[in-house]
Amino acid sequence: MAKNQITQLSIHPDAPFDFDYTAYSHGWVVLSPNVWNPERRELQRTERLAGGKVVSLLIQGPGSVEKPEIRIEVSHSGKLSAGQEQEILAAVAHMFRVDENFAEFYKLCKKQGRRWKNLARGLGRLLRSPSVFEDVVKTICTTNIQWGGTKRMVAALVETFGTAQDGNPAFKTFPTPHAIAEVPPERFGKMVSLGYRSDYIHLLARRVSSGELDLSALLDPAISTPELKKKLLAIKGVGNYAAATLLMLLGRYDELPVDSVFRQFVSKKYFNGERISDPEAQAIYAGWGKWKYLAYWFDIWEGFDEKV
DNA sequence: TTCCAGGGGTAGA
DNA sequence: TCTACCCATGGA
């Protein structure tokens, strides 16, 4: 077997950009196939390119917030074409939201004062997956289950339906829709313990694999947020909480992810632990306009102003 | 054993 | 639009 080649790629995002906080911004960093090394501050991930080639990515942020750089060490067999390099660069830029503009959010943060103004030094980007399919599947795996269960289910999907790189069987890609769709639904349910989510994820994989549903079209900025939410709610397994999470992953922060964590947090912090209605809880963030999700996220993530 | 989790679908009103 | 009820799975 030929030894894998290494190719170094690099992205230079506009400042301010904080690699560490973006990588570690929420639970996605520890969901397979992502592997985060906290000591070395590296994100490792195995990726399948459009033509089927499987590569391993080691993603680092050696620059500073003011002179940011995302460095990608690609381990691959054979030669990497210019098109494949572009594909990898685009995938990583998408994961780290290199093209998103947070100036308006930072303005609100500075106005808010105290700890909020710390966000304006390049935070606000929440890590996402290279594909919308992966983000929808992972989001469905966060519903009505504890976080440990989410990690278990996603890891099982990758282990069972992912593709390993030659010579590197320990790490696999996130499954393609086709890899899931080609297995009969009943068998799929038995192969990975996803509970009642199994049918939703298999149906999603079938619709995407057949071309009936184009999830990448959801990234179109021309779609209004209400219209986008409607499209998300039309996906079986996606309700209000999951739609708000997916809107965030698609770069829209208008909606709050109302789940048990949100309810408990707002009740404890703003209502002395009293039982409150969802509209009362949501009203806390009304002043943040189209940035409500981020306001809530950094309200609950108290550690953001310490080094991760 | 029972409860419930980073809820959602469906039927019926 | 709102409510009641059901839905697998596994940890606490």
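Scope of the values below: all heavy atoms of this structure, side chains included, with no hydrogens, waters or symmetry mates.
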Under-4.0 Å side-chain N/O to phosphate OP1/OP2 contact, A:Lys138 with B:dG6: no
What is the ring orientation for A:His202 with A:Phe188, classed by angle as parallel under 30°, tilted 30 to 60°, or perpendicular over 60°? tilted
Do A:Arg97 and A:Leu249 come close enough that some side-chain heavy atom pair is under 4.5 Å? yes
Write down the distance between CE (A:Met153) and C1' (C:dG11), rounded to a whole number of angstrom. 13 Å
Among the candidates B:dG9, B:dG6, C:dC7, find the nucleotide nearest to the side-chain atoms of A:Tyr196. C:dC7
Send over the distance from A:Ile201 CD1 to B:dG9 P, rounded to a whole Å. 13 Å
Give the rounded distance in Å between these two atoms: CZ of A:Phe265 and P of B:dA5. 18 Å
Let me confirm one number: the CZ-CG distance from A:Phe174 to A:Leu31, rounded to the nearest 0.5 Å. 9.0 Å
A:Lys229 NZ to B:dG8 C1': how many Å, rounded? 14 Å
Which part of the nucleic acid does A:Tyr200 contact within heavy-atom distance under 4.0 Å: base, sugar-phosphate only, or nothing? sugar-phosphate
Which of the following nucleotides, C:dT9, B:dG6, B:dA5, is nearest to the side chain of A:Trp297? B:dG6
Look at the side chain of A:Ala242 and decide which nucleotide, out of B:dG8, B:dG6, B:dG7, has an atom nearest to it. B:dG8
Under 4.0 Å, heavy atoms only, any strand: does A:Gly149 hit a base, just the sugar-phosphate, or nothing? nothing
Rounded to whole angstrom units, what separation is found between the OH atom of A:Tyr241 and the P atom of B:dG7? 6 Å
Can you tell me the distance, in whole Å, between the CG atom of A:Asp259 and the C1' atom of B:dA5? 10 Å
Is there a stack between A:Trp147 and B:dG6, judged by ring centres under 5.5 Å and planes under 30°? yes
Between C:dT9, B:dG9, B:dG7, which one does the side chain of A:Ser260 approach most closely? B:dG7
Would you give the length of the straight line joining atom OG1 of A:Thr22 to atom CG of A:Asp20, rounded to the nearest 0.5 angstrom? 8.5 Å
Between CG of A:Asn144 and C1' of B:dG9 the distance, given in whole Å, is 12 Å
Is the A:Trp36 ring parallel, tilted or perpendicular to the A:Tyr24 ring (thresholds 30°, 60°)? tilted
Students often get this wrong, so: under 4.0 angstrom with heavy atoms, is A:Arg197 touching a base, only sugar-phosphate, or nothing? base
Separation of C:dT9 atom P from A:Met191 atom CE, nearest Å, is 15 Å
DNA chain B nearest-nucleotide lookup for A:Gln146 and A:Ile235: closer to the 5′ end is A:Gln146
